[in-house]
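Indexing begins at 1, ligand by ligand and atom by atom, following the structure's order.
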Amino acid sequence: MTLDVETRAGNTRSAYRGRFAPSPTGPLHLGSLLAAIGSWMMARHADGEWLVRIEDVDTPRCVEGIAEQQLRTLAAFGLESDLPVLRQSHRQDIYRSALQTLLDQNAAFPCRCSRNDLRDEGNIHRKCLEHPSGHTAAVRLRVPDGLTITIEDRIHGTFVQQLDTEVGDFVLFRADGLWAYQLAVVVDDAAQQITHVVRGADLLDSAPRQRYLQQILAVPQTEYAHLPLVLDVDGHKLSKSSLATPVTESDPLPAMNVVWRLLGQVEPIVARNPNRWLQEALRSFEPNRIPRSELRPSGPVNSQGE
Ligand code: GLU
């Protein structure tokens, strides 16, 4: 299928284009900063480009004004998108046309089975119930029997998922009228010509769904690297919507040094400002040092770092 492709200066396609794609559900915290700096480092280390995309399709979870705040925070850390920032909320038409392509191919189908209906099935959809209880239809992608998808993750190695039994037919368009993350992310990564997806390890188990959608939509397949998650003192993943302490814009360097150590990097970085810090850090960045396991920063996780 044809997706609208971002035009960019020079018009030569870079061999590596990465991205950071926050949902505007709360201010950026240390875990988001790790994903932002980690994806930026991997991109620049490969002489590639780095884009920012605001993933605001799940409108009830988005908080007014937070996207702008996230972009300000990124700028305070010296992190700016190489192309204009894309917002998913402006892209209804392109998602609709991708969905129509899948419906026309009979790769997707309307479904009124509610989450409750699927409880006995472990929330895995394999075929529609005769009397589904959902009033409005969602649209699901049909997952063939026996489909196994293997991802070679740069950090986690081989990740295999049996898509039919572990995930089932998955939702592309929700019964509440919203676009599902899985469809929006694949359509936008393709439209923005993203080659490498570097993000938190909580999304590793989404990667096979996204790879399969890429195959079905006949768009280029992205490479994956899933960065370790940062946990709070109780061992929970930091999350924007659960009000994890935001990173402070006024004093970025201590947080950058914390992230640097969490990324497994050992060379201390001495720099006067975030832009210099990024350049210095890039010189000694070693992707192979990034750890696989979850991270518990010693001391407060609020980025002050001491
Ligand atoms: N929007 C997602 C988040 O904020 C990230 C999605 C992705 O990187 O694929 O967690």
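Interface of Val185 with ligand 1, defined as ligand atoms under 4.0 Å from a residue heavy atom, comprises 9 (O). Close approach to Tyr181 involves these atoms of ligand 1, each under 4.0 Å from a residue heavy atom: 6 (C), 7 (C), 9 (O).
Taking a 4.0 Å cut-off on heavy atoms, Phe20 fails to register as neighbouring ligand 1.
Using cut-offs of 30° and 60° for the angle between ring planes, the Phe109 and His125 rings count as tilted.
Lys240 NZ, 4.2 Å is the protein heavy atom nearest to atom 10 (O) of ligand 1. Ranking the protein heavy atoms by distance from atom 7 (C) of ligand 1 puts Arg19 NH1, 3.3 Å first. If you check which protein heavy atom lies closest to atom 2 (C) of ligand 1, you get Ala21 O, 3.4 Å. In terms of protein heavy atoms, atom 3 (C) of ligand 1 is closest to Ser23 OG, 3.6 Å.
For Ser39 and Trp50, the side-chain atoms include at least one donor-acceptor pair closer than 3.5 Å. For the 3.5 Å distance criterion, the side chains of Gln221 and Gln214 fail to qualify, holding no donor opposite an acceptor.
The part of Leu203 lying near ligand 1 is the side chain, judged by heavy-atom distances below 4.0 Å.
Nearest-residue assignment for atom 6 (C) of ligand 1 (options Arg199, Glu55, Arg53; heavy-atom criterion): Glu55.
Of the candidates Val167, Ile149, Thr165, Leu163, Val143 forms a side chain to side chain contact (heavy atoms under 4.5 Å, CB included) with just one, namely Leu163. Each of Gln88, Arg209, Glu55, Gln210 was compared with Tyr181 under the side chain to side chain donor-acceptor pair (under 3.5 Å) criterion, and only Gln210 meets it.
Between Arg174 and Asp58 there is a salt bridge, with a side-chain nitrogen of the basic residue lying less than 4.0 Å from a carboxylate oxygen of the acidic one.
Ring pair Trp179/Phe173: centre-to-centre distance below 6.0 Å.
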